[in-house]
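The structure appears below as structure tokens.
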There are 2 protein chains.
Amino acid sequence: MQELISVFKALSDETRLKMLKIFQKGEICVCDLVSVMDMSQPKISFHLNVLKEAGLIRDRRQGKWVHYSINDSDIFRRFLVLTVTEKITDETIKVYLSRLIKLKDMKNKNKCCK
Amino acid sequence: MQELISVFKALSDETRLKMLKIFQKGEICVCDLVSVMDMSQPKISFHLNVLKEAGLIRDRRQGKWVHYSINDSDIFRRFLVLTVTEKITDETIKVYLSRLIKLKDMKNKNKCCK
DNA sequence: TAATCATATAAACATTATTTGATTTGTTTG
DNA sequence: CAAACAAATCAAATAATGTTTATATGATTA
């Protein structure tokens, strides 16, 4: 039961739901999330850890960077994440999305995280 | 988004999940829940209110008593409640269930809430 | 209509979650 | 291998939730 509760608790926070929306656009590293969401790095790491402990996302270290993405190994969690990202409009995170696009453009020009 | 969060928050508590398990056996009034769960009446009322505000249950007043039951008007909430009650075994609330059965027996003998 | 019963609400307190600022760990690169 | 960078962790401050005790409200019944 505690495992189930940890999933619902992870989904009970605006910042974390917005993170899931961002993850839906693909894998992202902590430093990029920090700049996209404009929040302190410890805060971002804290929320990532809550999502990870709940089994909703997974991490992958690549050199200095740790990339996070949606964990699709469990169907119940997948369903929840899918429903959440569907119920929340892109409009809600439009500021983040535009920063994300800028970031990706910059990476193509070799300026960050490469 | 806050509405969605209120649903997940409501599901993020052991007492409330156990309540949903009990509701699955049918409508129940506050006083019966108090004796079945052996918790203070304000505590029960507090948690019932959280579930109600999240749209997961509904209430129906009948005389002095207020009966609560699962609100099946929304399919997403229905799915969540169904999944939750499926993932949590009856074993988890066996003490409550045996009290519930005793209560129902007593009611047939006209001893309570009638 | 006064007494009683069921439930809700409020205030005070306890517990848990989140945020912040500082520090540590792990990795790469000059 | 020292400096620099990315991310995690920790302790302290703050905010949000849950619990308890006391009181209020609403309905029934004697």
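These values consider heavy atoms only, across backbone and side chains, with no hydrogens, waters or symmetry-generated copies. Bear in mind the structure is a predicted one, so any value in this text is a computation, not a measurement.
E53(B) places its CD atom 13 Å from the P atom of dG18(D), with the value rounded to the nearest Å. Look at CD1 on I28(B): it is 14 Å from P on dA6(C), rounded to the nearest Å. If you take CG of L51(A) and C1' of dA17(C), they are 14 Å apart, rounded to a whole angstrom. Atom-to-atom, CZ of F46(A) to P of dT23(C) comes out at 21 Å; the value is rounded to the nearest Å. Across the protein-nucleic acid pair, E14(B) atom CD and dG18(D) atom C1' stand 13 Å apart, rounded to whole Å. As a whole-Å value, the separation of Q62(B) CD from dA27(D) P is 14 Å. For H67(A) and dT27(C), the NE2 to P distance is 14 Å, given to the nearest whole Å. Rounded to whole Å, the distance from NZ on K9(A) to C1' on dT18(C) is 13 Å.
Under the 3.5 Å distance criterion, with hydrogens and angles disregarded, a donor-acceptor pair is assigned to the side chains of Q41(A) and S45(A).
Proximity of R16(A) to the phosphate of dT18(C): a side-chain N or O atom is located under 4.0 Å from OP1 or OP2. OP1 and OP2 of dA6(C) both lie 4.0 Å or more from every side-chain N or O belonging to Y68(B). The phosphate of dT19(D) (OP1 or OP2) has a side-chain N or O of H47(B) nearer than 4.0 angstrom.
Comparing dT7(C), dT28(D), dC5(D) by their nearest atom to the side chain of K64(B) picks out dT28(D). With dA6(D), dT7(C), dA8(D) as the candidates, the nucleotide lying closest to the side chain of W65(A) is dA6(D).
A side-chain donor-acceptor contact under 3.5 Å links S12(A) to the backbone of K9(B). With hydrogens and angles ignored, the 3.5 Å screen pairs no side-chain donor or acceptor of R99(A) with any backbone N or O of D32(A). Side-chain atoms of R61(B) come within 3.5 Å of backbone atoms of G63(B) as a donor-acceptor pair (strictly under, hydrogens ignored).
Under the side-chain hydrogen bond (donor to acceptor under 3.5 Å, both in side chains) test applied with K21(B), the options D90(B), T85(B), T89(B) reduce to a single match, D90(B).
In terms of the salt bridge (Lys or Arg N to Asp or Glu O under 4.0 Å) criterion, R78(A) has no residue partners (sequence neighbours excluded).
In this structure, V50(A) and R61(B) both approach DNA chain C, and ranking their closest nucleotides by distance from the 5' end singles out R61(B).
Of the residues in residues 17-24 of chain B, none has a non-hydrogen atom less than 4.0 angstrom from any atom of DNA chain D. Within residues 37-45 of chain A, the residues having any heavy atom closer than 4.0 Å to DNA chain D are, in order of number, Q41(A), P42(A), S45(A).
Residue-environment remark: CD (E3(B)) stays at or below the threshold of 12 foreign heavy atoms within 6.0 Å.
A cation-pi geometry, defined here as NZ or CZ lying under 6.0 Å from the six-membered ring centre and within 45° of its normal, does not hold between K52(B) and Y68(B).
The aromatic rings of F79(A) and F76(B) lie tilted to each other, with the angle between the two planes from 30° to 60°.
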